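Heavy-atom basis, side chains included; hydrogens, waters and symmetry copies ignored. Nothing here was measured: the structure is a model prediction, and the numbers come from that model. Letters A, B, ... mirror the listed sequences (proteins, then strands); counts begin at 1.
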Protein chains: 2
Amino acid sequence: MTTELSPRAREIVAVARQLLEEKGPAGLSMRRLADRVGIRASSIYKHLPDKQALEHAIVSTVFEELADEFEAALEHADPVGTMVAIYRRYAKDHPHLYRLMTEQPLQRDLLVPGVEERASLPARLLVGDDPDAGRALWAFAHGMTILELNDRFPPSADIDAAWRAGFDAFRRYAENAQ
Amino acid sequence: MTTELSPRAREIVAVARQLLEEKGPAGLSMRRLADRVGIRASSIYKHLPDKQALEHAIVSTVFEELADEFEAALEHADPVGTMVAIYRRYAKDHPHLYRLMTEQPLQRDLLVPGVEERASLPARLLVGDDPDAGRALWAFAHGMTILELNDRFPPSADIDAAWRAGFDAFRRYAENAQ
DNA sequence: ATGGTAGGCTAACGGCGTTAGCTTGTCAAG
DNA sequence: CTTGACAAGCTAACGCCGTTAGCCTACCAT
């Protein structure tokens, strides 16, 4: 269902998002959420069909927020670099949101329509004439982000340097495209 | 605890792995696992301290398997390309295992010692003299893999081409390293 | 012969998502 | 002014989940 959320539903989603950011995925239960909202768990179902829909509603708010920031970055001198920096920083500031957004197959009919496309502006912009390289760059950025979030690099790793190396590789590739 | 698993524990882990591959993460519950093994859920705790340890034991078997394949690839003419192909294929053949292995912070003291290092052979080999580029390449490979697994590319995307683009970018980068 | 231990068991706890079915207040139509 | 629909709350319950406590029994070493 792609139908608009009621104002009350939006309130609940906002509380859910806050709860997730604070306590992580294990902390976001229907009962705890209801507690914070001041109702009983079963009443949530008057506003949202199930937990999956709730999570997708949260994801939609994240997409919107990211899209706003990306679009603002268009003004910058180096929009590509700026957007990558925004991406990286957003994940660091909101790790649980970032995981929620990326670590599951999206059920697109549960998202606010159009919001995924808006948030994918950088992927489309960065290497506009080469969508394959654009996707590869996105994969790199996501890989770096999630591997860092999940503590998969050895402690000795210079993560900034890895970002630079990858970004350089793609920049050069885009420059000498043939 | 890094202590060795008992033979019985290894049996249970093997069944658990099979269950996960078949039914996905939601299908891997202590009760279902016990059912398959022919005991009660609580008895599992005689062999493994908790579910986290069970999952890490599964991950260890995956690391071992991957490491074996990687090491065999050393014989090949193009070990780097071969290893990337192995990586990609493994994820496609065992999506639930791949997710389990990558989508959470690892608790390294729960792994069989040394197994993570063995499985990271490609990362170390590929760009041996430039660990930063090695990590970036790994991030790219993981990003491509997980984004594809999670259905995040539009249906129109040419995923093979994206792999090629990224791989080329890194290869050129490694060639013109300064 | 005996006592410890490995490896089963039952029962239970507190949590989870979700559903069925009841109640109440608001508000529009007759 | 009454009435009836409906939105939005409630309680109770179902069947899952991971995990723990405490019991039993068979084996094996002293």
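Residues meeting the side-chain hydrogen bond (donor to acceptor under 3.5 Å, both in side chains) test with A:R8, sequence neighbours left out: A:E11. Residues that satisfy the side chain to side chain contact (heavy atoms under 4.5 Å, CB included) test with A:P105, not counting sequence neighbours, are B:R99, B:N150. With sequence neighbours excluded, the residues that form a side chain to side chain contact (heavy atoms under 4.5 Å, CB included) with B:V80 are B:D78, B:L126, B:F167.
One atom, CG of A:L48, and another, C1' of C:dG17, lie 14 Å apart when rounded to the nearest Å. Distance A:L33 CG to C:dG15 P: 17 Å, rounded to the nearest Å. Atom CD of B:E11 is separated from atom P of C:dG7 by 11 Å (rounded to the nearest Å). Across the protein-nucleic acid pair, A:Y45 atom OH and D:dC14 atom P stand 17 Å apart, rounded to whole Å. Rounded to an integer number of Å, the gap from CD of A:E55 to P of C:dC16 is 14 Å. Atom P of nucleotide D:dT19 and atom NZ of B:K51 are separated by 8 Å, given to the nearest angstrom. Nucleotide C:dG17 holds its C1' atom 12 Å from the CG atom of A:L54, rounded to whole Å. Between the P atom of D:dG18 and the CD1 atom of B:I44 lies a distance of 9 Å, rounded to the nearest Å.
More than 12 heavy atoms of other shown residues, nucleotides or ligands fall within 6.0 angstrom of atom CZ in A:R10.
B:H96 has its side chain out of reach of B:L28: every pair of non-hydrogen atoms, C-beta onward, lies at least 4.5 Å apart.
Ring-centre distance between B:H56 and B:F63: not below the 6.0 Å cut-off.
Of the residues in residues 97-106 of chain A, not one places a heavy atom less than 4.0 Å from an atom of DNA chain C. DNA chain C lies under 4.0 Å from at least one heavy atom of each of the following residues of residues 20-29 of chain A: A:L28, A:S29.
A salt bridge does not link B:R108 with A:D151: every distance from a Lys NZ or Arg NE/NH1/NH2 to an Asp or Glu carboxylate oxygen is 4.0 Å or more. At a threshold of 4.0 Å, the pair B:E65-B:R17 counts as salt-bridged, since one of the basic side-chain nitrogens sits closer than that to a carboxylate oxygen. The residues B:R32 and B:E22 are annotated as not salt-bridged, no charged nitrogen and carboxylate oxygen being separated by less than 4.0 angstrom.
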Self-check item: Contact pattern, 5' to 3', of nucleotides 8-13 of chain D - B, S or - by protein heavy atom under 4.0 Å
Solution: BBBB-B
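In plain terms, the two heavy atoms of B:A141 and B:T145 that are nearest each other are O-OG1, 2.6 Å.
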Practice problem: Check the pair A:R152 / B:H142 against side chain to side chain contact (heavy atoms under 4.5 Å, CB included), numbers first and verdict last. | Solution: CA-CA 11 Å; A:R152 302 307 291 268; B:H142 171 61; over 6 Å; no
